[in-house]
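Residue numbers start from 1 in every chain, and the chains themselves are labelled A, B, ... in the order their sequence lines are given, proteins ahead of strands.
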Amino acid sequence: MDAAAPHDRASPPVADHLLAWYDRHRRHLPWRAGPGETADPYRVWLSEIMLQQTTVATVGPYFRRFLERWPTVHDLAAAPSEEVMSAWAGLGYYARARNLHACARAVAGERGGVFPDTEAGLRALPGIGAYTAAAIAAIAFDRKATVVDGNVERVVARLFAVEEPMPAAKPTLRALAATLTPDRRPGDFAQAMMDLGATVCTPRRPACLSCPLSGSCDGRIAGIAEELPRKSPKAERPMRRGTAFVVLSGAGNLLLRVRPAKGMLGGMHEVPATPWDSKTGWRADPDDHEPVAGAVWIALPGIVRHGFTHYDLELEVLAARLRDQPAVPGGEWWPLDRLDDAALPTLMAKVVRHALAHLSR
DNA sequence: GATCCGTGGTT
DNA sequence: TAACCAAGGAT
């Protein structure tokens, strides 16, 4: 990369401008320590895990519930896995929840509840990658660390007019970001960069007139800021199809299973279903996957649709009411009024809601 | 480097 | 509506 850029962006000017802007526009977030307050590493860590690929607005309620229920890393470590997964249900990327719990147990068990205060130490914990390690080191421990998330990549790409497409440009953008990181207030600087990206240097229609860095921004000067960072074209999402089985027992309980620990929706609850991880257009035969034998299946009208990161899914729903409540290998009979305690991902919550709406008629 | 892994909001 | 996008990590 080229360190000799057209403008002098030695860290004092840009960082000072940005920090001054941050002090004037600081947002109050549930996990953010007030001015002068000492950050709680547990809260910083918890929030950073939740914020991975997830918006501030979505995280807010989850963060509050977790903190109220498990105020310290020891409390979280002592919790049963099912409770953690249930509390996480709806947030998505469920490997985060599994790693969160594993990390809590590592910190509480092997480190006496004390988080590492270096990037390398943090990076070694489950669920903590380059971004999160740098963010915790900077925000919770005031370490000089270069925090690079999607916001920072966008800000830096525009500031230096980097036209190389993503994701190939990532190393370049990281190196350029490192040249900006100040010795003082690195945690505030990191949050300022992310806040700037989230509220001013937005993906579309950036508010350059309100930007504290506009005078230094090569992308704005060149008139290409909104086009940056450039991106390589992405593959389109295929459609997958399957059939879900909603089974109610005579006692009014719902049949659920726990999905395999790894992979899609790993460790979460599901209603029994055919496989859908197959080729486009192919649908497994429901007859081969009925969770209980001899039931009278009713094909419910309508389709449950759900979009995942890399494919879309359409599920038909077959429903059955049984007279009794047979034991089903790997199955759990859940009272309908206790479904809030199940670890139901949004897809499965949709299926259950869809089925109950029809069956209650 | 490429792929897999959720969900909800915005445009 | 469809596409895009978000305080990414693991493999």
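- When rounded to the nearest whole Å, the span between CG of A/Asn151 and P of C/dG8 equals 7 Å.
- Nearest to the side chain of A/Tyr131, among B/dT7, C/dA10, C/dA7, sits C/dA7.
- At the heavy-atom level, A/Ala198 lies under 4.0 Å from the strands shown only through sugar-phosphate atoms.
- We find that NZ of A/Lys262 is positioned 13 Å from P of B/dC5, with the value rounded to whole Å.
- Of the residues near DNA chain C, A/Thr55 and A/Ala130, the one whose nearest nucleotide (by heavy atom distance) lies more toward the 5' end is A/Thr55.
- In this structure, A/Arg27 reaches the bases: a heavy-atom distance under 4.0 Å links it to at least one base atom across the strands shown.
- Two rings, from A/His310 and A/Phe308, have their centers 6.0 Å or more apart.
- The residue A/Ala168 sits apart from the nucleic acid: no heavy atom pair falls under 4.0 Å.
- Across all strands shown, A/Leu29 has heavy atoms under 4.0 Å from base atoms, whether or not it also approaches the sugar-phosphate.
- Using modelled atom types, one finds no donor on one side chain facing an acceptor on the other under 3.5 Å when comparing A/Gln52 with A/Arg96.
- Atom CH2 in A/Trp276 sits about 11 Å away from atom P in B/dC5, given to the nearest Å.
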Report, one line per pair, each donor and acceptor closer than 3.5 Å where one atom sits in a side chain of residues 56-71 of chain A; sequence neighbours left out.
unit_1: A/Thr58; atom_1: OG1; unit_2: A/Thr55; atom_2: OG1; d: 2.9
unit_1: A/Tyr62; atom_1: OH; unit_2: A/Ala89; atom_2: O; d: 2.9
unit_1: A/Arg69; atom_1: NH2; unit_2: A/Glu83; atom_2: OE1; d: 3.2

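- Of the residues near DNA chain C, A/Gly150 and A/Lys234, the one whose nearest nucleotide (by heavy atom distance) lies more toward the 5' end is A/Lys234.
- Across all strands shown, A/Thr132 has heavy atoms under 4.0 Å from sugar-phosphate atoms exclusively, and none from any base.
- The aromatic rings of A/Trp45 and A/Phe115 sit tilted, their planes meeting at an angle between 30° and 60°.
- Mapped onto DNA chain B by nearest heavy atom, A/Met264 and A/Thr58 fall at different nucleotides, with A/Met264 at the one closer to the 5' end.
- Applying the 4.0 Å criterion to OP1 and OP2 of B/dC5, one finds that A/Tyr311 has every side-chain N and O outside that range.
- For the C1' atom pair drawn from C/dA7 and B/dT3, the interatomic distance equals 22 Å after rounding to whole Å.
- A donor-acceptor contact closer than 3.5 angstrom is absent between the side chains of A/Arg241 and A/Thr274.
- If you check every strand for non-hydrogen atoms under 4.0 Å, A/Pro167 touches nothing.
- Where A/Arg204 and A/Gly90 meet DNA chain B, the nucleotide closest to each residue was compared, and A/Gly90 sits on the side nearer the 5' end.
- Atom CD of A/Glu48 is separated from atom P of C/dA7 by 11 Å (rounded to the nearest Å).
- Side chain to side chain, A/His269 and A/Glu332 meet the donor-acceptor criterion of an N or O pair below 3.5 Å.
- Residue contacts for A/Trp31: at a heavy-atom cut-off of 4.0 Å it reaches a base atom on one of the strands shown.
- If you measure from atom CZ of A/Arg237 to atom C1' of B/dT3, you get 15 Å, rounded to the nearest angstrom.
- Contact check, A/His310 against B/dC4: no side-chain N or O comes under 4.0 Å of OP1 or OP2.
- Contact annotation for A/Leu91: base contact, defined as any heavy-atom pair under 4.0 Å involving a base atom.
- Considering only side-chain N and O atoms, A/Thr346 lies under 4.0 angstrom from the phosphate OP1 or OP2 of B/dG8.
- Of the candidates B/dG6, C/dA10, C/dA6, C/dA6 carries the atom nearest the A/Pro203 side chain, counting heavy atoms from C-beta on.
- When the side-chain nitrogen and oxygen atoms of A/His306 are compared with OP1 and OP2 of B/dT7, one or more of them lie within a distance under 4.0 Å.
- Counting non-hydrogen atoms under 4.0 angstrom, A/Arg154 reaches the backbone sugars and phosphates but no base.
- Note: CG (A/Asn99) to C1' (C/dA10) measures 8 Å, nearest angstrom.
- In terms of phosphate contacts, A/Gln53 brings no side-chain nitrogen or oxygen within less than 4.0 Å of OP1 or OP2 of C/dA6.
- Within 3.5 Å, a donor on the side chain of A/Thr54 pairs with an acceptor on the base of B/dG6, or the reverse.
- Between the P atom of B/dG8 and the OH atom of A/Tyr93 lies a distance of 13 Å, rounded to the nearest Å.
- With a 6.0 Å cutoff to the six-membered ring centre and a 45° limit on the axis angle, A/Arg237 does not count as a cation-pi contact of A/Tyr311.
- Here the P atom of nucleotide C/dG8 and the CG atom of A/Leu125 are 19 Å apart, to the nearest Å.
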